[in-house]
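A short write-up of the structure that comes next.
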Amino acid sequence: MKKKILSAFLCIALPAVLLSGCAPGGTTEPDSDKTPDSSDKPDESEENQSSAQQDETKTDETASSGEKKKIALSMPEKSSGRWVKDAANMKKALEALDYSVEIQFAENDAKLQEAQIADFIAAESDCIVIAAADAESLVSVSESAKEAGIPVIAYDRLLMDTDAVHYFVSFDNKGVGTAIGKAIAQKAGLEELAEGEYKTIEFFMGSKKDKNARLLYNGLMEVMQPYLDDGRLVCRTERTSFDDTCISDWSSKKAQERCENYLEGYYMDEELDICAAASDGLAYGCIQALQTAGYTDQNWPVISGQDCEALACKYIQEGTQSFSIYKDTRVLAERCTSMVQAAVSGTEAEINDTEQYDNRKLIVPAYLCMPSVVDKDNLEELIIDGGYYTADEIAAASAD
């Protein structure tokens, strides 16, 4: 029988300043690397000049006619309040700059999202912002956008295996994982454990197809691995690798099923102390499983999250979820808006990362925004007083 430390939830504000700067039916809302030889292609420069003149003429005609530039927003799903809020923030920021904005939600259907983006291309959008449902399934349509001369910006989920991506805007995903790890260590009291004492932990990571999920895992494990190595943390399932802990589509239901299996198979004789969940949706699944298993306030685990959804904020206030990572998507929307402006005008956008985001075709220039940890102590200040949600919106949040 393991030794346990009586540990009440410590609601201690833990702001995580990770990087300077900003960093689971739709609804409407072949280049060559060879340098051309002028003797082989005597007309190419004339063709390029003619093409440039045509583009300039089209731009002048658009400006003189007063027609607004069309920006397309392709979001992964509408069932997550986070993506609805992101889309609304971007739409507001872009319309304030006199862009015309169209939004489509793919409901986590990669084929549907591909078709929606094809429609954006056919409609001659001037720029397409994509938050991918499946980051590896949009290669063909991204290439189609490139061929049509439409810049593509990857929003919060890196598009893989294509060189059609102009920019990537997100939060520091590895830093998010580090912040989750540090918050878990503090709230579980890992540094205060006496010799021979330990806490149990299970990991619930994001989709294997989402590069952000792996970066988050890497940051988390940099903090958690030393505790696992010296025995202060014990994972009874021994499922600690990314491949063993990732959950497809960031699915809350799949997280619940996995947590139920863990509790029935490994935690009948002792308690699970920590659910290291990589998102609020995964945390919800763990919460449902723990409630079904009969966990109460007296033995409730530390549960992490990410996104500060309204329901997560409600759970944090109630003490059901220990904390979440606050990523102010208003800031993300502002940064994405500036990237859209740069892409449409042909200028350079401000970036602060040129190393982390290799999509197997190129390292995508990125701007990473700064997240914070929100718990019971600082939620009112950061979320309510900060205008992200009202108290009524949090109180009205429902799991349905």
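Numbers for residues simply follow the sequence, beginning at 1. Values below: every heavy atom of this structure, side chains too, minus hydrogens, waters and symmetry copies.
A donor-acceptor contact closer than 3.5 angstrom is absent between the side chains of S338 and E350. A donor-acceptor contact closer than 3.5 angstrom links the side chains of Y262 and R239.
Of all heavy-atom pairs between C313 and L379, the closest is O-CD1, 3.6 Å.
Interatomic distance, NZ of K327 versus OG of S170, reported as 6.0 Å (0.5 Å rounding). The line from CG of L138 to CD of Q116 is 10.5 Å long, rounded to the nearest 0.5 Å. Rounding to the nearest 0.5 Å places CD1 of I316 at 7.0 Å from CG of D280. Interatomic distance, CZ of R335 versus CZ of R330, reported as 15.5 Å (0.5 Å rounding).
The shortest distance between side-chain heavy atoms of D156 and R82 falls below 4.5 Å. Two residues are said to be in side-chain contact when any heavy atoms from C-beta on lie closer than 4.5 Å; V302 and D273 fail this criterion.
The environment of NZ in K314 is crowded: more than 12 heavy-atom neighbours from other residues, nucleotides or ligands sit within 6.0 Å.
Between F242 and F203, the distance separating the two ring centers is not shorter than 6.0 angstrom. Aromatic ring centres of Y284 and Y315 lie closer together than 6.0 Å.
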